[in-house]
> 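The structure that follows is given in the form of structure tokens.
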Amino acid sequence: MPELPEVETIVRGLRPRLTGRVLTRPRLFHADVLSGVTRLRLVRALAGNRIEEVTRRAKHAVFRMASGHRLVIQPGMSGALLVFPRPLRSAERRYAVLVAGLRKGGTLVYRDVRRLGTVLLLDEPAWRAYTARIGPEPLAADFGIGDLAARLSGTRQAIKKVIMDQRRLAGVGNIYANEALFRARIDPSRAACRLGQAEVARLYRAVRAVLTEAIAAQGTTFRDYRTGTGERGSFQFRLDVYGREGEPCRRCGGRLATTHAIDARSTTFCWRCQGPPR
DNA sequence: ACGAGGTCCTGCGAGC
DNA sequence: TGCTCGCAGGACCTCG
């Protein structure tokens with residue numbers, strides 16, 4: 001679920017509440033989210049460890065710990081990261097995957113209904129290798145049109161699939177891929193390497209604009225997503241295409257269509273403005 | 001290199 | 001009312 005704007009919103013909420021705080025009594029309730037670390041090693045590494053910095057990379061929340069480890073949480077489809085200024089109530093423990101107390105009060109929770117998320121514990125070299133495999137941040141100040149063009153060249157895969165590929169571009173998921181392609185008036189099924197310069201430029205501006213606006217709206221809440229303090233986002237009210245199948249296109253008034261032909265993910269688009277996917 | 005399809009997991013709404 | 005089915009914001013894998 002959470003894409004770049006949602007994780008960015010979560011991280012901004014957590015940062016002032018977690019930076020400098022020491023984790024106590026960490027507990028992992030579902031080991032199936034772990035990747036490359038055992039429950040025992042994770043719990044031992046977190047207990048008594050201080051959070052130095054809370055950041056985002058792609059769709060991951062990254063907690064840099066005083067020990068030099070990074071706790072990396074990728075919320076998957078249904079994950080939420082929440083901080084409470086008190087112990088958890090019983091209803092708040094539902095679907096909890098990882099819970100840790102905060103010394104001097106408070107609780108950090110990673111909650112994930114479907115548990116498609118991932119929890120990693122990486123030392124410095126492992127973190128460097130991990131982040132190196134992920135594509136550039138589309139909102140970075142030094143990310144330009146030429147960088148996007150370079151990431152799109154050399155593949156005939158559908159442009160929608162390519163911009164969702166985390167190795168090529170960080171943080172764009174299904175919702176914002178749909179939205180950006182609509183804004184850029186590009187057929188989602190077009191081969192990435194066949195886009196013209198003007199189309200790449202439109203896509204560049206569309207991706208940056210939709211992500212920026214979604215962050216300002218605190219993300220898109222359909223069901224599970226919450227900010228780091230439990231609020232809903234509001235970008236669901238501003239979507240042009242995602243979730244609007246059959247409704248009128250905001251640009252031309254035509255009926256929006258949905259296909260699952262691209263990477264088996266729902267793609268909603270306007271035939272008239274974006275042309276037919278093959 | 002690429003597309004198709006399956007896997008992980010649970011909940012919910014539609015339809016019967 | 002109760003059941004089954006398909007689908008859901010992600011990412012990984014194998015197969016041909």
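The basis for the numbers below is simple: all heavy atoms, side chains too, and nothing from hydrogens, waters or symmetry mates. Every chain is numbered from 1, with letters handed out A, B, ... down the list of sequences. Model, not experiment: these values are computed from the prediction.
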> Round to a whole Å and report the spacing from OH of Tyr242(A) to C1' of dC7(C).
10 Å
> Using the P atom in both, what is the distance from dC9(B) to dG2(C), to the nearest Å?
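About 28 Å, rounded to a whole number of Å.
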> Side chain of Asp263(A), backbone of Arg265(A): donor and acceptor closer than 3.5 Å?
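Not a single qualifying donor-acceptor pair exists.
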> Mind calculating the distance between CD1 (Ile10(A)) and C1' (dG10(C)) to the nearest angstrom?
14 Å
> Without decimals, in angstroms, what is the distance between Ile159(A) CD1 and dG3(B) P?
12 Å
> Between P on dC2(B) and NZ on Lys160(A), what's the gap in Å once rounded to a whole number?
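Atom-to-atom, Lys160(A) to dC2(B), this comes out as 18 Å.
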> Got a sec, which pairs hit side-chain hydrogen bond (donor to acceptor under 3.5 Å, both in side chains) with one end in residues 53-64 of chain A, sequence neighbours left out?
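Passing the test, one end in residues 53-64 of chain A: Glu8(A)-Arg56(A), Glu53(A)-Arg64(A), Arg56(A)-Glu137(A), Arg57(A)-Thr131(A), Arg57(A)-Glu137(A), His60(A)-Gln74(A), His60(A)-Tyr130(A).
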> Taking Glu6(A) for its side chain and Gly219(A) for its backbone only, find out whether a donor-acceptor pair lies under 3.5 Å.
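Answer holds: no.
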> Would you mind listing every salt bridge (charged side-chain N to carboxylate O under 4.0 Å, His left out) that reaches into residues 246-262 of chain A, with sequence neighbours excluded?
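For residues 246-262 of chain A, and leaving out neighbouring residues, the salt bridge (charged side-chain N to carboxylate O under 4.0 Å, His left out) pairs sorted by first residue read Asp240(A)-Arg250(A), Arg244(A)-Glu247(A).
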> Quick check: does any side chain N or O of Thr155(A) sit under 3.5 Å from a backbone N or O of Gln157(A), one acting as donor and the other as acceptor?
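Indeed, once roles are kept as given, a pair shorter than 3.5 Å links the two residues.
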> Using the criterion of both pairing distances under 3.5 Å for Watson-Crick and G-U wobble pairs, give all stems of 3 or more consecutive pairs involving DNA chain B.
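Consecutive-pair runs (3 or more) involving DNA chain B: B:2-8 with C:10-16, B:10-16 with C:2-8.
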> Which value, in whole Å, describes the distance between the C1' atoms of nucleotides dT1(C) and dT10(B)?
22 Å
> Whether Tyr176(A) contacts dG9(C) is assessed here as follows: a side-chain N or O lying under 4.0 Å from the phosphate OP1 or OP2. Is that the case?
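No, because none of the side-chain N or O atoms of Tyr176(A) sits under 4.0 Å from OP1 or OP2 of dG9(C).
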> Could you check Arg223(A) against Ala264(A) and say which one's nearest nucleotide on DNA chain B is further toward the 5' end?
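It is Ala264(A) whose nearest nucleotide is closer to the 5' end.
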> Within the sub-3.5 Å range, which N or O atoms of nucleotides 11-16 of chain C have a protein N or O partner, and how far apart are they?
unit_1  : atom_1 : unit_2   : atom_2 : d
dA11(C) : OP2    : Lys59(A) : NZ     : 2.6

> Round to a whole Å and report the spacing from CZ of Phe222(A) to C1' of dG9(C).
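After rounding, the gap between these two atoms is 8 Å.
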> Please indicate whether Arg94(A) has more than 12 foreign heavy atoms, meaning atoms of other residues, nucleotides or ligands, lying under 6.0 Å from its CZ.
no
> In whole angstrom, what separates Arg156(A)'s CZ from dG3(B)'s P?
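Nearest whole value for this atom pair: 8 Å.
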> Between dG3(B) atom P and Ile262(A) atom CD1, what is the distance in whole Å?
10 Å
> Given the P atoms of dG13(B) and dG9(C), what is the spacing between them in whole Å?
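Pairwise P distance, dG13(B) against dG9(C), rounds to 16 Å.
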> State which residues pass salt bridge (charged side-chain N to carboxylate O under 4.0 Å, His left out) with Arg194(A); sequence neighbours excluded, sorted by chain then number.
none
> Extract from the structure each pairing of a protein N or O with an N or O of nucleotides 6-9 of chain B at less than 3.5 Å, listing the distance.
unit_1 : atom_1 : unit_2    : atom_2 : d
dC9(B) : O4'    : Arg114(A) : O      : 3.4
dC9(B) : O3'    : Arg115(A) : NH2    : 3.2
dC9(B) : O2     : Arg114(A) : NE     : 3.0

> Expressed in angstrom and rounded to an integer, what is the separation of Glu245(A) atom CD from dG6(C) atom C1'?
14 Å
> On the nucleotide dA1(B), are OP1 or OP2 found under 4.0 Å from the side-chain N or O atoms that Thr155(A) carries?
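Looking at the OP1 and OP2 atoms of dA1(B), neither is under 4.0 Å from any side-chain N or O of Thr155(A).
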> Looking only at side-chain N and O atoms, does Ser266(A) come under 4.0 Å of OP1 or OP2 in dA8(C)?
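For dA8(C), OP1 or OP2 has a side-chain N or O of Ser266(A) closer than 4.0 Å.
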> If only atom types and distance count, is the side chain of Glu199(A) paired as donor or acceptor with the main-chain N or O of Leu195(A) below 3.5 Å?
no
> Does Arg39(A) have more than 12 heavy atoms from other residues, nucleotides or ligands lying within 6.0 Å of its CZ?
yes
> If the test is side-chain hydrogen bond (donor to acceptor under 3.5 Å, both in side chains), which one of Glu179(A), Lys160(A), Glu3(A) qualifies with Asn174(A)?
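Testing each of Glu179(A), Lys160(A), Glu3(A) against Asn174(A), the sole residue satisfying side-chain hydrogen bond (donor to acceptor under 3.5 Å, both in side chains) is Lys160(A).
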> Would you kindly say whether Tyr176(A) and Asn178(A) are connected by a side-chain donor-acceptor distance under 3.5 Å?
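Tyr176(A) vs Asn178(A): no donor-acceptor pair found between side chains.
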> Side chains of Phe84(A) and Thr229(A): closer than 4.5 Å at any heavy-atom pair?
no
